[in-house]
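Worksheet: the structure to be examined is printed underneath.
Residue numbering restarts at 1 for every chain, and letters A, B, ... go by the order of the sequence lines.
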There are 2 protein chains.
Amino acid sequence: MKVLAKELNVSIATVSKALNDSYEISEQMKSRVREAALRLNYTLNPYASSLRNKKSKTIAVILPEITDSFFSLAINGIQSIAEKKGYHVLIYLSHEKFANEIAIVSECTSGRVDGVLISIASETTNPDHLLKLQEENIPIVFFDREFEGLDIASVTTNDFESGYLAASHLIAIGCEKPIFLSISSSLGICTKRAEGFKVALQEMNFEFKYDPIFICNGNELEQYNQVQNLLTGIHRPDGIVASVEKLIKIIYTISYEIRLSIPTELKVLIFSTLDYAPILNPPLSTISQPAFEIGKTAADLLFKRIEKKDYNISDNKIVIPSVLVKRGSSS
Amino acid sequence: MKVLAKELNVSIATVSKALNDSYEISEQMKSRVREAALRLNYTLNPYASSLRNKKSKTIAVILPEITDSFFSLAINGIQSIAEKKGYHVLIYLSHEKFANEIAIVSECTSGRVDGVLISIASETTNPDHLLKLQEENIPIVFFDREFEGLDIASVTTNDFESGYLAASHLIAIGCEKPIFLSISSSLGICTKRAEGFKVALQEMNFEFKYDPIFICNGNELEQYNQVQNLLTGIHRPDGIVASVEKLIKIIYTISYEIRLSIPTELKVLIFSTLDYAPILNPPLSTISQPAFEIGKTAADLLFKRIEKKDYNISDNKIVIPSVLVKRGSSS
DNA sequence: GTGAAAGCGCTAACAG
DNA sequence: CTGTTAGCGCTTTCAC
C-alpha cells in the first residue's frame, strides 16, 4: 500500500521513516505523511514489520484454565502492562494437560512472540519444552505456578508461609483433624503449601494419626467423589485447607448434601481470590493471593527481559505475599 | 533458516512444500524433511508465512472485561474452536470504555487478524470503528453484546424473552414493586432485557407508580452508592432483576449491611452464569446464559466467514436461549 | 532531507 | 517430483 501512499510523490523509504518517526525526516514531511495515512485509512502491516525487525510486539500467556478468578485477575494485570507497552497478548489454555502445554509452547517459537508468561499445568512434570524455548532466547517468566529448579524468572506468592499460616489458624480455632486438600503431588504451589501446612502441625507437636495431605485429582466429577469419600469416611477431617479455588464448590456442595455444618463441624479455608467469598453461605475464609499484582509484576519482569535492560539478577524470583482473610467458614 | 535445512541437499522450495504437506512432494522426501526440521528444532516463521499468504491464522477477541464468569466461559468456547482450527487468539479488554474499543479495533486492521469476535463496551454508542473494519473485509461476529442495526453476524441470547420471564417470575412469587437494575441505557442486552421486563409488567396490568428500570453506571463504588440509595430510598423495590453479574456482590453486600432480608423482603434474580450461585447466602436465582455455547457458536460462525464457505445467510443472527434457574433468592 | 535497492523468511508460479 | 525465481510489505544501509 505504500505505492498508494506515494500519491505524495515521495519515496517508499521516506514514508516508512516518517511513519516510524525517524529523526532524518523533516517535521513537515512527517505530518504530511501522517495526514495521508489517516486519510487513506492506512496502517503498517504488522507482520511485514515483524519480519524485518525480528520483533513481533506480542507476548504469549499460557494458563491452565481461565474460569478461575485468580487467572482472570492475573490476565487483567498482564494486559494493563502489555497495553502500556504497545504489546499484543495471545492467550493459550493448557487445561492442566501436559501434552497441551507442550504443543502450545512449541507454537511460541520462531518469533511468533517476543516473550512468554506461563503458569504451568498441574500435570507438567518435565521442563524440556520450556528449556527449548529458552534456547531460542525467548524470555520466559513464570507467574504463580513455576517449575522449580530452573534458571527462569518467576513471580509467585509465599506458598510455604501461607500453608503454615493456614494450619496455624485451623489449630488456633480448635481443629483436631485438619487436612490439606491438594490437587497435585508435583505442582509446586501445592507441594509448598502442603509442606508449610505440615511443618506447622509438626511444630505444634501435632500427632499424625493419618496423612494430613489429601490429594484429589482428575476431572471435576472425580474430584467430587474423592472429596465425598473423605468427608463421609472414617477419617473425616474437622478442618480443611483447600489448595485451589475450584474446590470451593465441591466442598460446600457436599457439606450441604451430607448435612455437615460449616464451620461447626468443619472449618474451611481456601487459597482463592474469589470476589464472592464474603457472600457465600457461610462466608468463606480465604488466603488471598495478590493476583492482579502478580500478573502485573510478571509482565513487567518479562518486558525488562525483552528489552534487555534493567536486567537485575536480583529480580529473578519475586515473591508477593498472600493474606489470610478470616470469615465465617473458619470461626 | 531454510539455508540450514538445506543440509538435506534439496532446494528451499522443496522444503517449504514438504513442510506444507504439498501433494507434489514424495512421501519419502516429506518425512526426511520433517525429521530434519525436528532434529534442528526448526519451525516455520509464522510472520513470513502470513506475509506471503495474507492470512495471519489469528483472531482477535474483544471483551469489556474478563473478571466475569460469562466472558471466561465464552473464551473457553472460543478457544476450543480456535485450537481445533489451528488459530491463535489475541485477547483485548475494553474495560467498557468506548475510546479503548476504538483503539483496539484499529489494531485489528492491516492483516493482523483474520477475524474479530467482539462483545461491545457498555459505553459504545457509535459503530464507525466496526464499519471501518468491515470495509477492510475483516469478518466480524458479535457475541452476547451486539451493536444493533448493522449487517454483522451475531450470536446472542434471547434477551427480551428472558427479561419477560424474569418479570413474570417476580410477579408470580408475589412482588409488588419489582425493578430491573440496568447498567446502561444504550447497551442492547440491557435495553432488550429491560424491555421484556417492562412488557411483562404491562401485560399483567401492573400499575407503574415508578420507573421500573433503574440504571446504575460508573465504577463499582458509584454503582454501589446508587444501589444503596435505591434500597434505602422511598421507592424501595421488593424484587430486583439485575442485568449483569457484577451487581450480585453489590446487592448482597448492601442487603447484609442494611439488614434487608433476601428473599423475605427482597427477591433477587440475576443474569449470570456464576458457578457459585447455588452456594451463596441465600442461593441465587439466575437467568443463565449458555456462555460456553455462545462463544463456541460465535467462533464457528467467524471461521465460516473467514473460510468463505458455508456462507449461509440464515446463520447471520443466531439466538441461543437462556434458562431461568430458581433458587432461594426468589422464593 | 530524501531515494534506490537489498533482503527479512516464506510461498507460488513456472520450468524442467 | 524437484528447483529457480519473483515478490509479499516493510526497514535500513548507503548514496545523493
Side-chain angles (χ1 to χ4, degrees), chain A residues 1-37 40-58 86 88 106-114 136-138, chain B residues 1-37 40-58 86 88 106-114 136-138:
Chain A
M1 300 296 159
K2 225 134 228 188
V3 211
L4 292 179
K6 225 183 294 168
E7 80 159 37
L8 293 169
N9 286 317
V10 296
S11 84
I12 172 176
T14 308
V15 176
S16 169
K17 287 174 189 164
L19 253 24
N20 287 306
D21 205 29
S22 158
Y23 65 94
E24 39 177 334
I25 297 291
S26 68
E27 272 312 320
Q28 188 198 343
M29 186 73 250
K30 281 184 195 169
S31 55
R32 273 185 65 207
V33 173
R34 274 194 288 259
E35 180 277 325
L40 299 179
N41 220 318
Y42 170 79
T43 39
L44 291 179
N45 177 312
Y47 299 137
S49 303
S50 295
L51 189 55
R52 276 295 322 223
N53 298 334
K54 275 131 172 357
K55 290 244 135 266
S56 63
K57 282 282 182 181
T58 107
H88 299 259
S106 80
E107 297 280 7
C108 295
T109 57
S110 304
R112 184 180 297 278
V113 299
D114 296 342
E136 281 204 45
N137 276 313
I138 299 176
Chain B
M1 301 299 157
K2 227 137 223 185
V3 212
L4 292 178
K6 225 184 292 167
E7 79 160 36
L8 292 170
N9 286 318
V10 296
S11 85
I12 174 175
T14 308
V15 175
S16 170
K17 287 174 189 164
L19 254 23
N20 286 306
D21 205 29
S22 159
Y23 65 95
E24 40 177 336
I25 296 291
S26 69
E27 272 312 320
Q28 190 198 341
M29 187 72 246
K30 281 183 194 169
S31 54
R32 273 185 65 209
V33 173
R34 274 195 287 259
E35 180 276 325
L40 299 178
N41 221 317
Y42 170 78
T43 39
L44 290 179
N45 178 311
Y47 298 137
S49 303
S50 295
L51 189 54
R52 276 296 325 221
N53 297 334
K54 274 127 173 0
K55 291 244 134 267
S56 63
K57 283 283 184 179
T58 107
H88 299 257
S106 80
E107 297 279 8
C108 296
T109 57
S110 304
R112 185 182 297 278
V113 299
D114 296 342
E136 282 204 45
N137 275 312
I138 298 176

For the pair made of [atom1] in [X] and [atom2] in [N], what is the distance, rounded to whole Å?
X	N	atom1	atom2	value
Lys55(B)	dG9(D)	NZ	C1'	17 Å
Lys57(B)	dC10(C)	NZ	P	17 Å
Leu19(A)	dT12(D)	CG	C1'	15 Å
Asn45(A)	dG7(D)	CG	P	18 Å
Glu27(A)	dT2(C)	CD	C1'	15 Å
Leu8(B)	dG3(D)	CG	C1'	15 Å
Ile12(B)	dA13(C)	CD1	P	17 Å
Asn9(A)	dT2(C)	CG	P	13 Å

Name the closest nucleotide to the [X] side chain, picking from [options].
X	options	result
Ala13(A)	dA4(C), dT13(D), dT5(D)	dA4(C)
Thr14(B)	dC10(D), dG3(D), dC10(C)	dG3(D)
Ser11(A)	dA4(C), dA6(D), dT4(D)	dA4(C)
Lys17(A)	dC14(D), dG3(D), dG9(C)	dC14(D)
Leu51(B)	dC8(D), dC10(D), dT11(C)	dC8(D)
Tyr42(B)	dG3(D), dT11(D), dC10(C)	dC10(C)
Glu24(A)	dC10(D), dT11(C), dT13(D)	dT13(D)

- State whether the side chain of Asn45(B) and the backbone N or O of Tyr47(B) hold a donor-acceptor pair below 3.5 Å, judged by distance alone. yes
- Query: Which sits closer to the 5' end of DNA chain D, Asn53(A) or Ser26(B), going by the nucleotide each is nearest to?
  - Reply: Ser26(B)
- Item | Thr43(A) and Ser110(B) side chains, donor-acceptor separation under 3.5 Å | yes
- Message: Can you tell me whether the side chain of Arg52(B) and the base of dG7(D) have a donor-acceptor pair closer than 3.5 Å?
- Response: yes
- Quick one: are Tyr42(B) and Thr109(A) in side-chain contact, heavy atoms under 4.5 Å? no
- Item | Glu107(A) versus Arg112(A), closest heavy-atom pair with distance | O-NE, 3.2 Å
- Message: Counting only heavy atoms from other residues, nucleotides and ligands, does the tally under 6.0 Å from CD of Glu24(A) exceed 12?
- Response: yes
- Query: Does dC10(C) have OP1 or OP2 sitting under 4.0 Å from an N or O in the side chain of Ser49(B)?
  - Reply: no
- Query: Reckon Lys54(A) has a side-chain N or O less than 4.0 Å from the OP1 or OP2 of dG9(C)?
  - Reply: yes
- Task: With DNA chain C as reference, determine whether Ile25(A) or Thr43(B) sits nearer its 5' end, using the nearest nucleotide of each.
- Result: Ile25(A)
